[in-house]
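Here's the structure we're looking at; comments come further down.
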Amino acid sequence: MRLEEMQLHTSPFLERYSKGDTDVVRFFEYKAPYDKREWTKRQQELKRYSFPRQGLTEYLSSYNHKIGSSSNTMENIQKLSMPESLAVVGGQQAGLLSGPLLVIYKCISTIQLAKKAQKELNVPVVPIFWIAGEDHDMDEINHVMVPKNNTAKKISLKAASAVKSSASLWQWKTEDVKPWLKEVFRSFGETAYTSDFLVETERILDQSDSIVTFFAKLLSKWFSDEGLILLDSGDPEFKRLQSEILKKMITNNKDIDKAFIAQTTELNNIGFQDPIEVQKDNAHLFFTKDNERILLYRNGNGFSSKEKDFSISEADLLTEAAQHPERFSNNVVTRPLMQEFLLPVLSFIAGPGEIAYWAVLGKVFNHFERKMPILTPRLSFTLVSDRINQLVLSKGLTIEQVLTDGTDKYKREWFSENRPIETNESIETVKAEFTNSYGKLLQLAEEIDKKLLPVAEQNLNRIISEIDYIEKKMEQRVRRKVKEPLAEFDEIMLQLKPINILQERVWNIYQFTNENGPDLINQLVQYPYEFNEKHKILYL
């Protein structure tokens with residue numbers, strides 16, 4: 001593989017954060033994510049707090065054993081029992097076949113930053129991937145995007161139930177999933193690797209009782225040799241560690257919301273929109289009843305659903321937190337706080353959108369006398385196959401130009417310069433000359449009998465129409481001669497910037513391993529990257 005870097009303008013907020021813009025970094029406790037001195041400051045900060053290390057290692061050992069993690073991961077889990085150990089944490093919802101490429105890049109970022117920090121701080125620093133199994137938005141995770149007919153096609157798996165339960169509780173019959181899986185692999189195209197990949201993936205599917213388990217087993221297969229620790233936030237066993245924290249969130253609920261709104265207002269005042277929707281009396285906690293996940297809102301008597309068809313007093317909610325923490329889950333505001341209380345987080349690996357929403361959480365953390373962890377932007381990549389690179393070079397372009405501008409402009413320029421014959425000027429000349437000559441005929445017809453004039457004009461229009469027809473046919477022949485080169489521009493765009501957004505947000509890793517073989521992920525995770533604000537271009 002060969003690496004190039006470029007400055008890619010994708011998120012104004014992220015750019016200003018990475019460059020240390022004063023107006024933006026004031027929303028964060030640690031203001032220089034690429035400065036290793038911040039690691040030392042955060043390390044000292046974490047020494048002030050205690051974490052449920054024994055319960056955590058017991059849960060993580062059990063869960064990672066269940067999903068088939070390696071001895072390297074199990075060793076890292078045991079390191080968490082050491083009082084000086086730290087964690088680099090990344091996370092994502094559990095997408096099918098691991099979801100878009102950015103999930104793979106979050107895992108790689110988490111692993112590599114943990115290694116760098118451990119070397120720098122000389123204490124155990126373990127990589128942890130927080131699977132957001134408590135999320136219930138199935139439309140975000142129930143599909144894979146594949147290239148078809150020059151666009152990105154969504155191949156979705158229908159949910160077994162319309163009830164809004166968490167992804168961890170969305171169980172399935174694997175025999176119902178296999179037809180979907182085969183359709184996806186067919187869409188990737190047949191290569192020397194396809195058959196083996198399908199057999200192996202079906203085997204993992206047979207061992208998976210839910211979309212989250214399937215997701216976790218795939219990540220474990222790819223990254224557990226690197227020691228990546230996985231946890232499922234929707235796992236009832238994990239939630240048993242959360243009772244005391246949930247109680248704090250319930251009793252401090254109004255203050256959490258007030259702090260969140262206050263900092264959101266400050267962000268608005270420097271010209272940014274709400275990264276998280278502000279809703280009146282939002283409790284930022286979900287409660288599960290009859291397998292349905294209900295977002296709670298404060299009311300005068302305690303808490304209720306938005307529709308007021310479910311209500312519960314604060315005292316009863318505290319009892320539920322003590323006895324049944326598995327019935328609770330966090331939203332985007334309280335999830336980072338729960339993570340802070342459970343894990344010794346040195347740094348959180350965040351995408352552009354996550355950086356923005358963490359910006360409104362500082363006052364929430366401060367209410368509990370905590371500081372937000374270091375927010376490290378995840379590594380961002382574009383994978384370039386040899387064929388696509390050759391096509392780009394053949395057009396006299398660079399990958400950077402395509403990622404910045406797309407291909408439409410260059411496609412039009414190429415067509416203008418490579419038309420085999422220029423028809424427009426000749427056709428217009430013929431029309432002008434014929435119309436001028438035909439004018440004499442119109443004049444003669446009028447002299448003979450004025451009633452002939454409309455007939456003569458109609459005849460002129462018919463002849464001009466025939467000239468237009470032959471022009472259209474000639475244009476079609478011209479386009480046919482350049483059809484393949486023009487289609488190559490579309491192929492470049494489809495691979496590098498499908499539906500005009502970054503490849504990492506659309507395509508799945510299997511699309512690339514199907515072409516490049518099973519060792520691709522290992523090559524990606526082993527490559528030495530720099531954590532900076534630059535986008536990585538990897539030539540495969």
| query | Relative to each other, are the rings of Phe238 and Trp130 parallel, tilted or perpendicular (30° and 60° limits)? | reply | perpendicular
Examine distances only and state if a side-chain atom of Ser81 and a backbone atom of Gln54 form a donor-acceptor pair shorter than 3.5 Å. no
Gly133 and Asp232 have their tightest heavy-atom pair at CA-OD1, 3.2 Å
Across all chains, not counting sequence neighbours, the side-chain contact (heavy atoms from CB on, under 4.5 Å) partners of His143 are Met145, Lys154, Ser156
*asked:* Can a donor-acceptor pair be found, under 3.5 Å and without considering hydrogens, that links the side chain of Lys239 to the backbone of Phe328?
replied: yes
The side-chain contact (heavy atoms from CB on, under 4.5 Å) partners of Thr376 (sequence neighbours excluded) come to Leu113, Ser347, Ile349, Ile374, Phe531
When rounded to the nearest 0.5 Å, the distance separating CG of Asn389 from CZ of Arg2 is 6.0 Å
(request) Kindly determine whether Ile521 and Phe223 satisfy side-chain contact (heavy atoms from CB on, under 4.5 Å), including the steps that lead there. (result) CA-CA 9 Å; Ile521 295 177; Phe223 298 113; 3.8 Å; yes
So the salt bridge (charged side-chain N to carboxylate O under 4.0 Å, His left out) pairs with at least one residue in residues 373-399 (sequence neighbours excluded) are Arg378-Glu504, Arg387-Glu491, Lys395-Glu488
Residue set satisfying side chain to side chain donor-acceptor pair (under 3.5 Å) with Glu15, at least two apart, ordered chain then number -> His9
Exercise. Consider only side-chain N and O atoms of Arg293 and Ser329, and report whether a donor and an acceptor are under 3.5 Å apart.
Key: yes
For this session: Report yes if the distance between the aromatic ring centroids of Tyr510 and Phe185 is under 6.0 Å, otherwise no.
Result: yes
Residues passing the side chain to side chain donor-acceptor pair (under 3.5 Å) test with Ser208, sequence neighbours excluded, are none
- Query: How about Arg42 and Lys371: do any of their side-chain heavy atoms sit closer than 4.5 Å?
  - Reply: yes
dist Lys409:NZ -> Phe489:CZ (nearest 0.5 Å) comes out at 12.0 Å
Salt bridge (charged side-chain N to carboxylate O under 4.0 Å, His left out) pairs touching residues 59-84, sequence neighbours excluded, are none
Applying side-chain contact (heavy atoms from CB on, under 4.5 Å) to Ser187 and not counting sequence neighbours gives Val146, Ile155
Separation between CE (Met74) and CD (Gln78), nearest 0.5 Å, reads 7.0 Å
Check your understanding: Do the side chains of Phe512 and Ser385 get nearer than 4.5 Å, heavy atoms only?
Key -> no
Donor-acceptor pair, Ser109 side chain versus Tyr105 backbone, under 3.5 Å? yes
Between Gly20 and Val25 the two heavy atoms that sit nearest each other are CA-CG1, 3.7 Å
Quick note, salt bridge (charged side-chain N to carboxylate O under 4.0 Å, His left out) partners involving residues 506-518, not counting sequence neighbours, are none
Original post:
Would Asp235 and Tyr59 count as a side-chain contact (heavy atoms from CB on, under 4.5 Å) if you check the C-alpha gap in whole Å, the side-chain angles of each, and the deciding distance to 0.1 Å?
Top reply: CA-CA 10 Å; Asp235 189 334; Tyr59 162 71; 3.3 Å; yes
Hits for side-chain contact (heavy atoms from CB on, under 4.5 Å) against Lys178, two or more places apart or cross-chain, chain-then-number order -> Glu175, Glu202, Leu205, Asp206
With no hydrogens and no angle check, just 3.5 Å: does a side-chain donor-acceptor pair link Gln112 and Glu226? no
Those residues at least two apart in sequence (or on a different chain) that pass side chain to side chain donor-acceptor pair (under 3.5 Å) with Lys106 are Gln92, Glu354
Closest heavy-atom pair, Leu502 versus Ser380, reported as atoms and distance to 0.1 Å, is CD1-OG, 4.3 Å
Salt-bridge present (Asp176, Lys158; N to O < 4.0 Å): no
Rounded to the nearest 0.5 Å, the CZ atom of Phe381 sits from the OH atom of Tyr529 at a distance of 4.0 Å
Audit row: Cys107, Trp222, side-chain contact (heavy atoms from CB on, under 4.5 Å) steps and yes/no | CA-CA 10 Å; Cys107 292; Trp222 295 328; over 6 Å; no
| task | Flag the pair Glu38 and Lys41 as a salt bridge only when some basic side-chain nitrogen lies within less than 4.0 angstrom of an acidic carboxylate oxygen. | result | yes
Separation between CD1 (Ile492) and CG (Leu391), nearest 0.5 Å, reads 5.0 Å
Is a side-chain donor or acceptor of Asn72 paired with a backbone partner of Gly227 at a separation under 3.5 angstrom?
no
Here the pair of heavy atoms bringing Pro325 nearest to Arg240 is CG-CA, 3.9 Å
Between Lys19 and Asp21, does any side-chain N to carboxylate O distance fall below 4.0 Å? no
Exercise for review: Measure from the side-chain N and O atoms of Ser69 to the backbone N and O of Ser224, and report whether any donor-acceptor pair falls under 3.5 Å.
Suggested key: no
Thr191 and Asn514 have their tightest heavy-atom pair at OG1-O, 2.5 Å
**Q.** Steps toward ring pair (Phe, Tyr, Trp, His ring centres under 6.0 Å) verdict (Phe188, Phe197)
**A.** CA-CA 11 Å; Phe188 291 145; Phe197 272 136; 9.6 Å; no
Sorted by chain and residue number, the side chain to side chain donor-acceptor pair (under 3.5 Å) partners of Arg53 (sequence neighbours excluded) come out as Ser85
Q) Is atom CG of Asn122 surrounded by more than 12 heavy atoms (other residues, nucleotides or ligands) closer than 6.0 Å? A) no
Residues 526-540 vs salt bridge (charged side-chain N to carboxylate O under 4.0 Å, His left out), sequence neighbours excluded, gives Glu5-Lys536
Is there a side-chain contact between Thr40 and Leu121 (heavy atoms, below 4.5 Å)?
yes
Q) Within a strict 4.5 Å, meaning less than it, do heavy atoms of the Pro336 and Trp358 side chains meet? A) yes
Pairwise side-chain contact, Phe51 with Val345, heavy-atom cut-off 4.5 Å (strictly under): no
Closest non-hydrogen contact found for Lys497 with Gly406 is NZ-N, 4.5 Å
Q. Is there a donor-acceptor contact under 3.5 Å from the side chain of Tyr17 to the main chain of Leu375?
A. yes
Separation between NZ (Lys217) and CG (Leu219), nearest 0.5 Å, reads 12.0 Å
Side-chain donor or acceptor of Asn508 paired with backbone N/O of Leu97 under 3.5 Å: yes
- Query: Is a donor on one side and an acceptor on the other found under 3.5 Å between the side chain of Gln43 and the backbone of Leu346?
  - Reply: no
Between the side chains of Thr174 and Gln207, is a donor N or O closer than 3.5 angstrom to an acceptor N or O? no
Requested in this report: Please examine the side chains of Lys411 and Asp490, heavy atoms only from C-beta on, and report whether any two atoms are closer than 4.5 Å.
Outcome: yes
Q. Judged by atom type as modelled, is there a donor-acceptor pair below 3.5 Å linking the side chain of Thr334 to the main-chain atoms of Asn330?
A. no
**Ser220 side chain vs Ala216 backbone, donor-acceptor pair below 3.5 Å** = no
